[in-house]
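Below is one structure, written out as structure tokens; comments come after it.
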Amino acid sequence: MWIKPWTIKEGFLIGGGLFFAGLMLELCVGPVDWSAFRWPVNGFLFGGFLTLIVLFYLLRKKVYGFLFISTYKAAIPALVYAIALTIVMGLTRQTADGRWLNNMLSFWPFVLIYVYMAVILGLVVLRRPKSWATLSHLGLFLAMTTATLGNADVQRLKMLTVKDEPEWRALTPQQQIVELPIAIELKEFIMETYDDGSPKRFASDIQILTKTGKNIRTNVEVNKPAEVDGWKIYQYGYDTEMGAKSRISILELVSDPWLPLVYTGIYMMLGGAVCMFMFGRKR
């Protein structure tokens, strides 16, 4: 063990060491506090992370560990740990205020394993910059890192609108009032029902005013949001006692400024896969 060249066994030990370190951090400092990584902190972290990967790549001939983590012998164990933790996340109830396995996105072992995966991907990209597979690897790296760091800047707010009364305030999940750069006025609540009176479809006819001078009249539904200035506006609820005559509509507003980068990474993965299929040479 630990005799060069290292094998997959050492790869599993490195992953296990990260998992154990994550457990110790979880016990000592609690879950990852993503609110501490809001912009511009996450921007500096992203730049520093890229610099660190380049440094690992430049020192790979002097530090054997840096060379090893750019090989499949490190990648396969890391992928096994990542898949196992992801399966656990899918099998357990995830809540924003949960602890340990009930909030995997803030669970230190989960975060460290995925950071390790991102380092491996970054080194693989630098080692093989001129292949179609690298385009997919780079896309996966971009999607993973920006989705993780961008999590701190995601906002999910609830806004209660009353007919013919403009509203620019919304509530966070912690019931804190936030003033927004947009105002929304409910013009009409729309409901279609089945024969037994149960709701079939409900939506809101709204007018959106922005500080940039936009004046938009549109309808929003549960799965058909309106988009304006980086915000997605969804239908969320209404006054259930009044039903179709409700003068109140509850909207959900979501802002995820890093999402375009995540989508870019996904498109790069798809593009790399297509190009490998079309132009890849048989070995």
Look up atom CG in L186 and atom CG in D164, then write down how far apart they are to the nearest 0.5 Å. 7.5 Å
Taking the ring centre of each residue, are Y81 and F19 less than 6.0 Å apart? no
Looking only at heavy atoms, what is the nearest atom pair of G265 and L142, with distance? N-CD2, 3.8 Å
Closest contact, heavy atoms only, A170 versus L157: CB-CB, 3.8 Å
Given W6, which partner from the list F12, F66, F68, Y72 fulfils the ring-ring contact (aromatic ring centres under 6.0 Å, His included) test? F68
Please step through salt bridge (charged side-chain N to carboxylate O under 4.0 Å, His left out) for the pair R201 and E221, ending with a clear verdict. CA-CA 8 Å; R201 167 184 173 266; E221 299 183 36; 3.0 Å; yes
Show the numbers, then the answer: is there a side chain to side chain contact (heavy atoms under 4.5 Å, CB included) between T193 and F202? CA-CA 9 Å; T193 61; F202 57 94; over 6 Å; no
Checking T145, T148, T86 against Y114 for side chain to side chain donor-acceptor pair (under 3.5 Å), the one that qualifies is T86
What's the verdict on side chain to side chain contact (heavy atoms under 4.5 Å, CB included) for E167 and I184, showing C-alpha distance, side-chain angles and the deciding distance? CA-CA 5 Å; E167 182 60 78; I184 301 175; 5.6 Å; no
Quick one: CD1 on I208 to CD on E227, what's the gap to the nearest 0.5 Å? 10.5 Å
Nearest 0.5 Å, what's the CE-CG distance between M268 and L140? 10.5 Å
Flag if over 12 foreign heavy atoms under 6.0 Å of OH, Y236: no
The reported gap from CE in M269 to CG in L138 (rounded to nearest 0.5 angstrom) is 10.5 Å
What pair of heavy atoms forms the shortest contact from L67 to R60, and how long is it? CB-O, 3.4 Å
CG/D195: more than 12 non-hydrogen atoms of other groups inside 6.0 Å: no
Of the non-hydrogen atoms in R127 and S70, which two are nearest, and what is the gap between them? NH1-OG, 3.1 Å
Any chance you could measure F110, atom CZ, to M89, atom CE, to the nearest 0.5 Å? 4.0 Å
How many angstroms lie between CZ in F37 and CG in N151, if you round to the nearest 0.5 Å? 11.0 Å
Would you say OH of Y64 has more than 12 non-hydrogen atoms from neighbouring residues, nucleotides or ligands within 6.0 angstrom? yes
Any Lys/Arg nitrogen of R169 or E179 sitting under 4.0 Å from an Asp/Glu carboxylate oxygen of the other? no
